[in-house]
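Quick notes on the structure that follows.
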Number of protein chains: 2
Amino acid sequence: MVNYQSPMLDRTFAALADPTRRALLARLDEAESVTISELARPFPVSLPAIMKHLDVLNDAGLIQRTKTGRSVACRLTPAPMEQAMNWLAHYERYWTEQLDRLAAFLENEEWQANPASPSSAASKPRRKKSTKPGRNRSK
Amino acid sequence: MVNYQSPMLDRTFAALADPTRRALLARLDEAESVTISELARPFPVSLPAIMKHLDVLNDAGLIQRTKTGRSVACRLTPAPMEQAMNWLAHYERYWTEQLDRLAAFLENEEWQANPASPSSAASKPRRKKSTKPGRNRSK
């Protein structure tokens, strides 16, 4: 059963739902620690707007802020992303199964087009090409 | 470089940021197709509230609605989750590296505690135990 009752997951997914916040995380991925003014520089938005985005990332546990004198630096703390990825991994079989079906279909097509070729002989078709309407999902 | 400019990613992460919406997706994962009234039944919220959540999931491309007579059924279309997972996978090295470091540390501890044991002999420590303060991240 998927665990969907998790305020941490709520905050992580909500934090990742904004392109500026994802861009801030990508910048923090490139450097160990970055001051807020350096972080804000490339963005065409005001410093207060960046500060609000950093608040959201901080509340989600995705960044940590450290004050040194008058300067505040941020660093990436990506642990909450692992939980988000584990949640999504539960659905991974849908796209991997789709790829498996595509591979089986292409293998079969190749075998039918050229049954004598060595690669076709090595890879026997697992099933005959169906004439029924395609299923999009198998459970 | 991480692709963070994606309205589809915005919608996917925003849709996943709510526990009721994640629970609706989990229910659709268990059955091929479910009518809206069946879907709404276990939730302690009104039908219009569920309809709004389904709108968000539909706009994100995570479900598909089909009308048959007076009944509307939903089915899961999880393709957008793959892009979200690929985005998160860029950060995966942080937690896998952390696990690797923990494994190396435990291996080393075991070797120091019992250097003559067969398992310790087989698994040579990769480095001496450091006396420096622990690093949290390696680039």
Side-chain angles (χ1 to χ4, degrees), chain A residues 1-33 43 53 56 60 62 64 66 75-99 135-139, chain B residues 1-33 43 53 56 60 62 64 66 75-99 135-139:
Chain A
M1 183 62 197
V2 187
N3 176 21
Y4 50 81
Q5 283 289 359
S6 161
M8 189 176 150
L9 261 186
D10 298 357
R11 284 194 296 268
T12 307
F13 282 131
L16 299 180
D18 182 276
T20 304
R21 289 198 290 270
R22 290 198 302 276
L24 287 165
L25 293 173
R27 285 209 67 214
L28 289 171
D29 179 40
E30 290 162 9
E32 186 79 21
S33 175
F43 294 97
H53 282 308
V56 176
L62 290 163
Q64 210 168 46
T66 320
R75 69 180 193 92
L76 189 66
T77 50
M81 290 187 199
E82 187 180 0
Q83 202 194 344
M85 200 163 159
N86 289 343
W87 189 89
L88 285 163
H90 180 81
Y91 296 87
E92 199 174 15
R93 69 183 190 282
Y94 286 101
W95 49 91
T96 51
E97 274 174 15
Q98 228 166 19
L99 278 177
R135 267 192 318 161
N136 286 327
R137 253 179 87 183
S138 69
K139 289 296 289 184
Chain B
M1 182 61 197
V2 187
N3 176 20
Y4 48 81
Q5 283 289 359
S6 162
M8 189 175 150
L9 261 186
D10 297 357
R11 284 194 296 268
T12 307
F13 282 131
L16 299 180
D18 182 275
T20 304
R21 289 198 289 270
R22 290 199 300 277
L24 287 165
L25 292 173
R27 284 209 69 213
L28 289 171
D29 179 40
E30 289 163 9
E32 186 79 22
S33 175
F43 294 97
H53 282 308
V56 176
L62 289 163
Q64 210 168 47
T66 321
R75 71 180 190 91
L76 188 66
T77 50
M81 289 187 200
E82 187 180 0
Q83 201 193 344
M85 201 165 156
N86 289 343
W87 188 89
L88 285 163
H90 180 82
Y91 296 86
E92 200 175 13
R93 70 184 190 282
Y94 286 100
W95 50 91
T96 51
E97 274 175 16
Q98 226 166 21
L99 278 177
R135 269 192 316 163
N136 285 326
R137 252 177 89 182
S138 69
K139 289 296 290 184

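All chains are named by letter (A, B, ...) in the order of the sequence lines, taking the proteins before the strands, and each is independently numbered beginning at 1.
If you take CE on B/M81 and OH on A/Y94, they are separated by 8.0 Å, rounding to the nearest 0.5 Å. Here the straight-line distance linking atom CG of A/D10 with atom OG1 of B/T20 works out to 9.0 Å at 0.5 Å rounding. To the nearest 0.5 Å, atoms OH (B/Y91) and CG (A/L76) are separated by 6.5 Å. The structure places NE2 of A/H90 at 13.0 Å from CZ of B/R22, a figure rounded to the nearest 0.5 Å. Here the CH2-CG distance, from A/W87 to B/L25, works out to 5.0 Å after rounding to the nearest 0.5 Å.
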List the steps and the verdict of side chain to side chain contact (heavy atoms under 4.5 Å, CB included) for A/D18 and B/F13.
CA-CA 8 Å; A/D18 182 276; B/F13 282 131; over 6 Å; no
Residue pair B/L88, A/L16: steps toward the side chain to side chain contact (heavy atoms under 4.5 Å, CB included) verdict:
CA-CA 10 Å; B/L88 285 163; A/L16 299 180; 3.8 Å; yes
Before giving the answer on side chain to side chain contact (heavy atoms under 4.5 Å, CB included), spell out for A/R93 and B/D29 the whole-Å C-alpha distance, their side-chain angles and the decisive distance to 0.1 Å.
CA-CA 11 Å; A/R93 69 183 190 282; B/D29 179 40; 2.6 Å; yes
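Residues B/A17 and A/A14 share a closest heavy-atom pair of CB-N, 3.5 Å.
Of the atoms belonging to B/A15, not a single heavy atom falls under 4.5 Å from chain A.
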